[in-house]
Amino acid sequence: MSTYENQTGRLPKQFLLQQRYIILEQAGRGGMGAVYEAVDTQTPGLRVAIKEMSQGHLSETELVQATQRFQHEAMMLGGLSHPNLPRIYNSFSDRGRSYLVMDFIEGKTLLQLIKEQGGRPLSVAQVLSIA
């Protein structure tokens with residue numbers, strides 16, 4: 001698999017993932033994955049966040065270990081229930097990537113907040129308010 005094919009964040013708008021989730025847009029992207037805003041066609045009106053993690057760059061042994069860690073994390077997170085945590089709905093692997101489906105939470109990223117401040121660091125009061 002080429003480096004380009006290993007990249008996450010390439011699902012286009014309106015893509016139907018797992019014959020269930022319609023991708024609305026990319027909500028964020030990092031070094032090892034991307035997050036999409038999507039709708040669940042099996043639960044009308046439910047907007048979800050889908051975290052996509054690339055595993056295409058891993059060796060066969062590393063892939064087995066990463067898959068086990070992912071499944072353990074998905075099971076552990078799925079068992080948590082707290083008003084400040086997103087609810088986990090589903091997890092699956094597809095085409096060399098693992099996906100975690102959870103509540104979509106409206107808000108701004110830390111990068112967006114810093115940009116709004118003209119690139120200046122956030123004050124201690126702002127950080128405490130966010131936390």
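Given the structure is predicted, the values throughout are model-derived calculations rather than measurements.
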What I want to check is whether the side chains of Y36 and E25 have a donor and an acceptor closer together than 3.5 Å.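 Side-chain D/A pair, Y36 to E25: absent.
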
Side chains of E62 and S59: is there a donor and an acceptor less than 3.5 Å apart?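 There is such a pair between these side chains.
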
Mind checking whether [X] and [Y] have side chains closer than 4.5 Å, heavy atoms only?
| X | Y | answer |
| --- | --- | --- |
| Q126 | S123 | yes |
| Y21 | V48 | yes |
| L122 | Q117 | yes |
| R97 | M53 | no |
| L17 | D94 | yes |
| L77 | L100 | yes |
| R20 | N90 | yes |
| V101 | I88 | no |

Verify, without hydrogens or angle tests, whether T109 (side chain) and Q112 (backbone) share a donor-acceptor contact under 3.5 angstrom.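 Answer holds: yes.
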
May I ask you to decide if R87's main-chain N or O and D103's side chain share a donor-acceptor pair within less than 3.5 Å?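 It does hold such a pair.
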
Working to the nearest 0.5 Å, report the span between [atom1] of [X] and [atom2] of [Y].
| X | Y | atom1 | atom2 | result |
| --- | --- | --- | --- | --- |
| I22 | L11 | CD1 | CG | 13.0 Å |
| Q19 | T41 | CD | OG1 | 8.5 Å |
| S98 | Q71 | OG | CD | 7.5 Å |
| H72 | R69 | NE2 | CZ | 11.0 Å |

Trace of the side chain to side chain contact (heavy atoms under 4.5 Å, CB included) decision for L111 with L113: CA-CA 5 Å; L111 181 59; L113 293 172; over 6 Å; no

Could you tell me which residues satisfy ring pair (Phe, Tyr, Trp, His ring centres under 6.0 Å) with F92, sequence neighbours excluded, listed by chain and number?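 Counting only residues at least two positions away or on another chain, F92 forms a ring pair (Phe, Tyr, Trp, His ring centres under 6.0 Å) with Y99.
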
If you look at every heavy atom in L24 and Q14, which pair is closest and at what distance?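 So the minimum-distance heavy-atom pair works out to CD2-NE2, 4.5 Å.
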
I'd like to know if V39 and I50 are part of one continuous hydrophobic network [Ile/Leu/Val/Met/Phe/Trp/Tyr, side-chain heavy atoms within less than 4.5 Å].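 Unlinked, I50 and V39 end up in two clusters.
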
When you group the ILVMFWY residues by side-chain heavy-atom contacts below 4.5 Å and let the links chain together, are V35 and L85 in the same group?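 Per the 4.5 Å side-chain linkage, L85 and V35 are not co-clustered.
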
Residues R10, E52: salt bridge by 4.0 Å N-O rule: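 So R10 does not pair with E52 through a salt bridge.
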
When you check the gap from the basic side-chain N to the acidic O, do E37 and K13 get nearer than 4.0 Å?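 No, this pair does not count.
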
For F104 and E106, what are the C-alpha separation, side-chain angles and deciding distance, and is it a side chain to side chain contact (heavy atoms under 4.5 Å, CB included)? CA-CA 7 Å; F104 181 80; E106 290 284 347; 3.7 Å; yes

Please write out which residues are connected to V64 in a hydrophobic cluster, directly or through intermediates, given that two of Ile, Leu, Val, Met, Phe, Trp, Tyr count as joined at side-chain heavy-atom separations below 4.5 angstrom.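 Its cluster mates, by chain and number: none.
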
